[in-house]
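See below for the structure under consideration.
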Amino acid sequence: MWTSLHASVHHTIRSRHLLKRNQRLLIAVSGGQDSLCLTQLMLDLQPKWGWYLGIVHCDHKWRDDSQANAKYVEQLAEKWGIPFYLETASQPLKSEAAARNWRYQVFSAIAFTNNYQCIITGHTATDRAETLLYNLIRGSGADGLQALTWQRPLLNQIMLVRPLLEVTRSQTGKFCQDFQLQIWLDSTNLDLKYARNRIRQELLPYLQEKFNPKVESNLAQTAELLQAEVEYLEQAADELRQKAEVQTDEPENSFTLLRLNRQVLQKAPLALQRRAIRQILQQIMSNAPNFEHIEKLVALIAAPNRSQTDPFPGGVIAVVEDEWICLIC
Ligand SMILES: Nc1ncnc2c1ncn2[C@@H]1O[C@H](COP(=O)(O)OP(=O)(O)OP(=O)(O)O)[C@@H](O)[C@H]1O
């Protein structure tokens with residue numbers, strides 16, 4: 001059966017150039033409604049595109065039923081007649097972030113070993129809206145609000161692709177019902193101690209009911225707009241940084257890591273100054289620079305001669321020397 005969802009995902013993949021014909025694609029399947037919907041769609045689109053499909057599942061060993069969950073996905077892969085790859089965590093992972101990192105490493109490694117070019121995940125417009133809200137509440141800038149890109153490179157030149165970013169969770173739920181795809185219910189998704197679950201189960205329904213029934217799609221669209229703007233700004237900031245930055249490798253300057261030309265930076269708008277400075281701090285700090293770190297260094301662009309910062313994490317300090325900001329270790 002060919003539905004309007006098949007047509008719209010087919011159109012998205014084609015118009016956004018997400019995937020090519022005859023590629024080897026590894027679908028990440030948790031067993032939940034989004035990834036089951038995704039798999040059925042990919043199987044149905046496969047004859048048109050000539051893809052070679054496989055399924056990967058990660059058992060985080062978090063839940064008592066995780067092994068049964070993995071078995072269930074394996075049976076589905078068998079029923080669908082496509083290769084199945086399973087990786088089980090050797091020890092329970094400490095946090096959701098640790099689990100995600102491990103998962104993406106597994107995806108890239110399995111894809112690389114078995115010659116798949118892309119990993120496909122079932123992230124939806126709802127995930128995008130949830131991530132945007134989550135990051136907004138935490139005080140993120142536009143980068144965090146662009147929330148989930150259509151594609152990004154993983155390790156080993158494998159691409160991560162998310163073809164369902166314009167499809168909502170209620171659409172994937174209905175699709176699973178229509179196609180009688182039995183969903184594996186993840187009990188941790190119900191636990192309201194996680195902020196993410198409260199956003200999904202309490203905040204978004206509240207916004208839908210009291211403010212705008214289309215809030216999910218609208219927030220996803222905001223993320224989409226921000227994505228293009230962030231890409232543009234990052235590129236412009238990169239050019240500004242390259243113009244302003246002088247690497248110093250002369251022996252007499254061996255403690256000066258690099259110098260930044262203040263005149264070049266002064267001419268740029270604040271948004272680009274902040275981004276260029278962030279890129280520089282990313283080079284010298286082990287952790288991601290926060291808002292205060294960036295503002296401290298931006299302040300030196302117009303500060304009097306000899307002004308300086310206190311040390312950044314990692315020990316580097318910045319000092320104004322005439323037209324230069326010198327980063328000294
Ligand atoms: N354990 C897993 N094994 C393989 N892929 C996974 C796993 N967990 C998540 N994914 C992939 O990442 C996507 C998003 O993950 P998230 O945790 O938001 O999904 P979920 O709530 O489990 O969603 P879904 O309804 O697809 O199962 C999933 O759609 C799936 O493609």
Side-chain angles (χ1 to χ4, degrees), residues 9 18 25-43 53-63 65-74 76-77 82-89 92-93 95-111 116 118-135 147-152 154 158-177 179 181-191 194-201 204 216 220:
V9 172
L18 297 181
L25 310 175
L26 191 56
I27 311 170
V29 179
S30 64
Q33 68 181 61
D34 300 333
S35 49
L36 290 193
C37 169
L38 171 70
T39 312
Q40 183 69 57
L41 286 167
M42 296 301 286
L43 282 164
L53 302 174
I55 285 181
V56 60
H57 178 82
C58 292
D59 178 354
H60 299 103
K61 276 202 177 161
W62 256 351
R63 291 175 274 123
D65 65 347
S66 73
Q67 214 178 343
N69 184 347
K71 194 81 210 146
Y72 175 62
V73 177
E74 181 173 9
L76 284 176
I82 53 182
F84 174 73
Y85 306 89
L86 170 68
E87 187 74 36
T88 306
L93 293 143
S95 65
E96 239 183 294
R100 192 177 314 114
N101 282 341
W102 172 75
R103 203 156 67 215
Y104 283 113
Q105 274 169 24
V106 167
F107 291 165
S108 313
I110 292 180
Y116 289 93
C118 299
I119 302 284
I120 317 290
T121 63
H123 290 101
T124 59
T126 309
D127 292 315
R128 228 178 181 188
E130 288 168 3
T131 309
L132 185 148
L133 281 174
Y134 182 72
N135 288 341
L148 299 177
T149 50
W150 286 96
Q151 45 189 333
R152 73 175 167 91
L154 296 175
I158 311 284
M159 282 306 277
L160 171 67
V161 180
R162 299 171 170 130
L164 299 190
L165 284 185
E166 276 164 350
V167 178
T168 63
R169 233 182 119 66
S170 53
Q171 282 177 292
T172 62
K174 180 169 182 310
F175 183 93
C176 287
Q177 262 180 3
F179 281 75
L181 297 170
Q182 209 182 335
I183 297 160
W184 192 278
L185 284 174
D186 178 346
S187 50
T188 56
N189 282 347
L190 302 174
D191 192 338
Y194 298 112
R196 283 234 162 231
N197 295 344
R198 294 199 300 278
I199 290 175
R200 175 172 291 187
Q201 286 170 54
L204 267 176
E216 277 173 35

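Both counts, for ligands and for their atoms, begin at 1 and track the order of listing. Below, all heavy atoms of this structure are taken into account, side chains as well, without hydrogens, waters or symmetry copies.
Using cut-offs of 30° and 60° on the angle between ring planes, the pair F179 and F175 is parallel. Ring orientation note: the planes of Y72 and W184 are tilted relative to one another, at an angle of 30° to 60°.
Side-chain N or O atoms of Q171 include one that pairs as donor or acceptor with a backbone N or O of T168 at under 3.5 Å. For the pair S95 (side chain) and A98 (backbone), a donor-acceptor distance under 3.5 Å is present. In this structure a side-chain-to-backbone donor-acceptor pair under 3.5 Å is present from S35 to S30.
Salt bridge D59/K61: absent, no basic N to carboxylate O contact under 4.0 Å. Electrostatic pairing of R162 and D34 does not count as a salt bridge here, judged by no charged N lying under 4.0 Å from a carboxylate O.
Each of the atoms 23 (O), 24 (P), 25 (O), 26 (O) of ligand 1 lies under 4.0 Å from some heavy atom of D34. Less than 4.0 angstrom separates some heavy atom of H60 from each of these atoms of ligand 1: 1 (N).
When only non-hydrogen protein atoms are considered, atom 31 (O) of ligand 1 lies nearest to A28 O, 2.6 Å. Here the heavy atom of the protein found nearest to atom 14 (C) of ligand 1 is H123 NE2, 3.2 Å. Distance from atom 28 (C) of ligand 1 to its nearest protein heavy atom, with residue and atom name: G122 N, 3.9 Å. Here the heavy atom of the protein found nearest to atom 18 (O) of ligand 1 is D127 OD1, 4.0 Å. Atom 21 (O) of ligand 1 has its closest protein heavy atom at N189 ND2, 3.8 Å. Given atom 3 (N) of ligand 1, the protein heavy atom at minimum distance is C58 N, 3.0 Å. Closest to atom 26 (O) of ligand 1, if we only count protein heavy atoms, is S35 N, 2.7 Å. With hydrogens left out, the protein atom closest to atom 4 (C) of ligand 1 is V29 O, 3.4 Å, a heavy atom.
The nearest protein heavy atom to atom 1 (N) of ligand 1 is closer than 4.0 Å.
Close N/O approach between T121 and ligand 1 is not found [any backbone or side-chain N/O within under 3.5 Å].
Rounded to the nearest 0.5 Å, atoms CZ (R63) and OG1 (T188) are 5.5 Å apart. Atom CZ of F84 and atom CD1 of I27 lie 12.5 Å apart (nearest 0.5 Å).
Judged by the shortest distance from any of its heavy atoms, V56 lies inside the 4.0 Å radius around the atoms of ligand 1. Proximity of F107 to ligand 1 is established by a heavy-atom distance of less than 4.0 Å.
Nearest to atom 10 (N) of ligand 1 by heavy atom, out of R169, R103, E130, is R103. In the candidate list G32, S30, C176, S30 is nearest to atom 20 (P) of ligand 1, counting heavy atoms.
Ring-centre distance between Y134 and Y194: not below the 6.0 Å cut-off.
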